[in-house]
There are 2 protein chains.
Amino acid sequence: MSQHRHPGVPGRAGAVPALPDLPEATVARLPEYLRALHNLADAGHETVSSEGLAGAAGVNSAKLRKDLSHLGSYGTRGVGYDVALLIDQIEFVLGLTQRRAVALVGVGNLGHALAGYAGFAGRGFRIAALFDADTSRVGEMINGLVVRHVDELPRVAAEEAISIGVIATPAPAAQAVAEQLVAVGVTSILNFAPCVLSVPDGVDVRKVDLAIELQILSFHEHRKASLTALPATGGSALTALPGGLTTPDTQEAIGT
Amino acid sequence: MSQHRHPGVPGRAGAVPALPDLPEATVARLPEYLRALHNLADAGHETVSSEGLAGAAGVNSAKLRKDLSHLGSYGTRGVGYDVALLIDQIEFVLGLTQRRAVALVGVGNLGHALAGYAGFAGRGFRIAALFDADTSRVGEMINGLVVRHVDELPRVAAEEAISIGVIATPAPAAQAVAEQLVAVGVTSILNFAPCVLSVPDGVDVRKVDLAIELQILSFHEHRKASLTALPATGGSALTALPGGLTTPDTQEAIGT
DNA sequence: AGGCGCTTGTGAAGACGTGCACAAATCGCG
DNA sequence: CGCGATTTGTGCACGTCTTCACAAGCGCCT
Ligand SMILES: NC(=O)c1ccc[n+]([C@@H]2O[C@H](COP(=O)([O-])OP(=O)(O)OC[C@H]3O[C@@H](n4cnc5c(N)ncnc54)[C@H](O)[C@@H]3O)[C@@H](O)[C@H]2O)c1
Ligand SMILES: NC(=O)c1ccc[n+]([C@@H]2O[C@H](COP(=O)([O-])OP(=O)(O)OC[C@H]3O[C@@H](n4cnc5c(N)ncnc54)[C@H](O)[C@@H]3O)[C@@H](O)[C@H]2O)c1
């Protein structure tokens with residue numbers, strides 16, 4: 001965490017472009033830009049200004065320019081950015097030049113939806129294997145893939161070069177599954193189970209918890225309600241007034 | 001956006017506890033604490049120290065204490081926090097004292113999984129209505145709820161007091177659905193479609209894009225690979241070495 | 001060739017979030 | 001009743017992120 005960055009590892013005039021270490025906030029936005037760029041490319045645009053791309057990605061244009069400047073500035077002043085070139089750049093930085101293989105563990109309610117989702121292919125990923133512990137599910141075919149028993153993970157991980165593991169099991173099983181994934185060499189995990197995973201250093205975990213998203217929205221609903229209620233009447237009547245916009249203070253577009 | 005906050009709207013000694021306006025980062029962590037607290041309560045704990053709760057929620061204990069201090073400090077020095085009391089406090093602040101009604105629009109692949117998920121009830125939410133535009137899906141029963149045509153949204157929104165709208169339609173339909181939701185008074189939206197929504201001020205949107213999560217993980221995979229490859233050999237051979245943990249530099253636990 | 005309008009890239013300032021370290025408060029026990 | 005062990009709440013310093021504002025660069029038009 002509090003590691004100093006080496007004072008003398010700048011350009012490194014070697015052959016490889018030498019990944020600049022981007023701010024984490026920038027990394028989280030690059031995929032957004034990439035999606036917007038693909039839309040623009042499909043619409044026939046060859047170049048785009050920072051203002052235009054920022055609008056399409058839903059961010060401030062200064063922020064976008066600073067983000068892009070971190071990865072080497074492929075824009076032209078007075079003109080904008082070359083869409084195709086920028087797509088290549090971002091895809092390279094994100095490591096999407098070859099399609100990454102994803103292993104999905106837990107083919108239940110949610111796992112089925114993920115396994116059947118066609119949209120991942122266009123974003124750089126290939127669901128390479130499905131696993132479950134329930135023997136009655138093993139053997140089922142989903143979208144051309146067979147569900148295998150989780151015990152086969154080591155063998156399959158060796159065959160396919162698994163890059164990312166996705167956990168969609170119930171929470172009590174998630175920690176054990178994470179350990180199995182780490183044991184076969186997986187160093188990136190996307191966790192849908194509502195629990196914290198502990199993993200060794202060097203393993204990245206990202207978590208998606210839909211209930212948490214709803215609860216954050218609930219907080220803002222609660223706050224909006226208490227703001228409109230109090231200044232108007234004495235504070236007791238809680239009749240929702242779904243017409244007038246609330247205070248122009250307290251803007252939206254909350255933490256992304 | 002760049003709204004100043006009024007310099008003189010502090011305690012407001014009114015009857016209502018007067019929601020403190022929490023830092024957004026704190027709001028995003030409260031649900032995590034809440035989940036951990038429920039686990040502790042189920043395990044029979046009556047009190048918990050900041051250290052213990054922080055461990056269960058996967059955060060720094062100082063951060064946890066500061067977060068909790070923002071909502072009024074219900075801890076006892078030398079002892080810790082009363083689990084049941086803290087649960088009540090957080091649920092109140094998050095607006096979960098009464099179960100919030102959620103409307104789900106788009107009952108396809110993903111929408112089915114969400115509609116069938118039993119876990120929302122325990123986290124303060126009730127899926128109150130399902131909508132789809134495909135007439136061949138309308139009428140289908142999922143988990144005791146009937147799928148209605150999206151045209152019925154105004155009528156149903158009036159009956160059930162819809163608090164949050166969830167969009168699980170394809171991206172091209174999402175903006176139109178968002179506008180329909182806003183039109184019936186919904187001011188909080190959770191969007192699963194990979195696109196930006198533009199909504200009026202006063203409406204909160206949160207977005208869940210699974211492909212983005214994978215792409216962020218992909219970036220870190222890419223970086224880890226280029227870090228292990230370069231210092232070892234000259235820099236050309238890119239054979240993945242899935243054994244030794246990478247550099248103890250560049251710690252994990254990336255942006256939550 | 002020169003000037004003009006447009007757009008990028010970035011310095012600087014401010015807002016925000018984090019984590020250490022410690023004083024203040026509380027409990028239990030002798 | 002007092003003392004020590006324990007744990008909260010927070011002041012402070014530091015790092016990260018955001019946003020403004022503008023100089024530098026580019027292309028086009030005359
Ligand atoms: N379905 C949703 O919409 C939704 C929403 C939010 C969160 N989640 C979370 O996602 C996870 C999955 O939800 P779900 O609705 O698909 O649950 P589910 O019960 O339908 O599916 C879980 C699957 O995991 C399998 N499994 C259990 N233990 C396993 C193990 N050790 N190894 C491999 N597979 C194992 C089960 O056999 C089952 O097929 C849960 O943690 C849930 O809380 C789901
Ligand atoms: N399935 C996944 O795992 C997954 C993963 C990531 C993202 N997503 C995104 O989630 C969204 C839904 O994915 P899906 O796989 O369920 O797609 P899907 O095509 O299976 O389902 C979409 C549903 O929305 C309905 N619909 C279309 N237009 C509508 C409208 N105007 N009003 C109401 N309903 C409408 C369709 O009839 C269909 O039932 C997509 O935007 C997708 O990109 C899904």
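Computation of the quantities below employed the complete heavy-atom set of this structure, encompassing side-chain atoms and omitting hydrogens, waters and symmetry-equivalent molecules. By convention in this document, chain letters (A, B, ...) are assigned in the order of the sequence lines, proteins followed by strands, and residues within each chain are numbered from 1. Since the model is a prediction, treat every value here as computed from it, not as a measurement.
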Please list, by residue number, the residues of residues 59-66 of chain A whose heavy atoms come closer than 4.0 Å to an atom of DNA chain C; answer none if no residue qualifies. A/R65, A/K66

If I take atom CG in residue A/D82 and atom P in nucleotide C/dT7, what distance separates them, rounded to the nearest angstrom? 16 Å

Verify the contact: side-chain N or O of B/Y74 to OP1 or OP2 of D/dG9, cut-off strictly under 4.0 Å; return yes or no. no

Sequence neighbours excluded - salt bridge (charged side-chain N to carboxylate O under 4.0 Å, His left out) pairs with any residue from residues 38-55 of chain A: none

Grab the CD-C1' distance between B/E24 and D/dC17 for me, whole Å please. 15 Å

Derivation and outcome, side chain to side chain contact (heavy atoms under 4.5 Å, CB included), residues A/F125 and B/S218: CA-CA 9 Å; A/F125 301 95; B/S218 171; 4.1 Å; yes

Is the shortest side-chain N to carboxylate O distance from B/D204 to A/R223 below 4.0 Å? no

Hits for salt bridge (Lys or Arg N to Asp or Glu O under 4.0 Å) against B/E221, two or more places apart or cross-chain, chain-then-number order -> B/K224

Going by salt bridge (Lys or Arg N to Asp or Glu O under 4.0 Å), name the residues that satisfy it together with A/R65, two or more places apart in sequence or in a different chain. none

The side chain to side chain contact (heavy atoms under 4.5 Å, CB included) partners of A/A84 (sequence neighbours excluded) come to A/D82

Could you work out, with side chain to side chain contact (heavy atoms under 4.5 Å, CB included) as the rule, every residue matching A/K63, not counting sequence neighbours? A/R29, A/V59, A/N60, A/D67

Contact under 4.0 Å: A/Y81 side-chain N or O vs C/dG9 OP1/OP2: yes

First of B/G80 and A/A25 reached from the 5' end of DNA chain D, by closest nucleotide: B/G80

Using a cut-off of strictly less than 4.0 Å between a heavy atom of the residue and any atom of DNA chain C, enumerate the qualifying residues of residues 36-55 of chain A by number. A/S49, A/S50

Rounded to whole Å, the CD-C1' distance (A/Q89 to C/dG9) equals 16 Å

Kindly say whether A/G95 contributes a backbone atom to a donor-acceptor pair with the side chain of A/R100 at under 3.5 angstrom? yes

Quick one: list whatever passes side chain to side chain contact (heavy atoms under 4.5 Å, CB included) with B/E91, sequence neighbours left out. B/L34, B/H38, B/I87, B/L96

Validation: residues 164-177 of chain A side-chain donor-acceptor distances under 3.5 Å, sequence neighbours left out:
residue: A/Q175; atom: OE1; partner: A/S198; partner atom: N; Å: 3.0
residue: A/Q175; atom: NE2; partner: A/E179; partner atom: OE2; Å: 2.8
residue: A/Q175; atom: NE2; partner: A/S198; partner atom: O; Å: 3.0

The bend of the helix from C/dA1-D/dT30 to C/dG30-D/dC1, taken between the axes of its five terminal pairs at each end and rounded to 10°, is 0°

Backbone N or O of A/F92 within a donor-acceptor pair of the B/H222 side chain at under 3.5 Å? yes

Atom pairs under 3.5 Å: protein N/O with N/O of nucleotides 23-26 of chain C:
residue: C/dA24; atom: N3; partner: B/R77; partner atom: NH1; Å: 2.7
residue: C/dT26; atom: O4'; partner: B/R77; partner atom: O; Å: 3.4

With sequence neighbours excluded, what pairs up with A/S49 under the side chain to side chain donor-acceptor pair (under 3.5 Å) test? none

Among C/dG17, D/dT10, D/dT18, which nucleotide sits nearest the side chain of A/R29? D/dT18

For the pair A/Y33 and A/L64, evaluate side chain to side chain contact (heavy atoms under 4.5 Å, CB included) and give the outcome as yes or no after the intermediate values. CA-CA 9 Å; A/Y33 305 154; A/L64 178 133; 3.7 Å; yes

Expressed as a whole number of angstroms, how long is the span from A/L22:CG to D/dT18:P? 13 Å

